[in-house]
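Beneath this line is the structure, given in structure tokens, with notes to follow.
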Amino acid sequence: MTTPIFMFATGIENSYPTIHGGRTRVDEMEKCGHYEHWRTDFDLLDDLNIHYLRYGPPIHRTWLGEGRYD
């Protein structure tokens, strides 16, 4: 029998939730300054000895419309 491997992962929040009854969207990556400080954010993973990261692009900035992506 092999010992299970435990993997600790963290992630950078990339949701785009609505508030005010759906009238306002909040870009969580912009709100926390990730677009400006992404290099530092990734460097900090090494400082914390984190080897696995859940990271997804913000869909509202990536998918621009039918057949249009950035």
Hphob cluster co-occupancy, Tyr35 + Tyr16, side-chain heavy atoms under 4.5 angstrom
no
Working to the nearest 0.5 Å, report the span between OG1 of Thr40 and CG of Leu45.
11.0 Å
Nearest heavy-atom contact between Leu64 and Asp70 is CD1-CB, 3.8 Å
CG of Asp43 to CH2 of Trp38: how many Å apart, nearest 0.5 Å?
9.0 Å
Check ion pair Arg61-Glu30 (N to O, under 4.0 angstrom):
yes
Nearest heavy-atom contact between Pro17 and Glu28 is CG-OE2, 3.5 Å
Who else is in the cluster with Val26 when I, L, V, M, F, W and Y are joined by side-chain contacts under 4.5 Å?
Ile19
Step-by-step side chain to side chain contact (heavy atoms under 4.5 Å, CB included) determination, Thr24 to Thr18:
CA-CA 5 Å; Thr24 306; Thr18 59; over 6 Å; no
Could you give the distance from NE2 (His37) to CG (Leu44), rounded to the nearest 0.5 Å?
11.0 Å
Quick one: pull up NE2 in His51 and CG in Asp46 and give me the separation to the nearest 0.5 Å.
8.0 Å
Inter-residue atom distance His34.NE2 - Ile12.CD1, 0.5 Å rounding
4.0 Å
In the single-linkage hydrophobic clustering (I, L, V, M, F, W, Y; side-chain heavy atoms under 4.5 Å), do Phe6 and Leu48 co-cluster?
yes
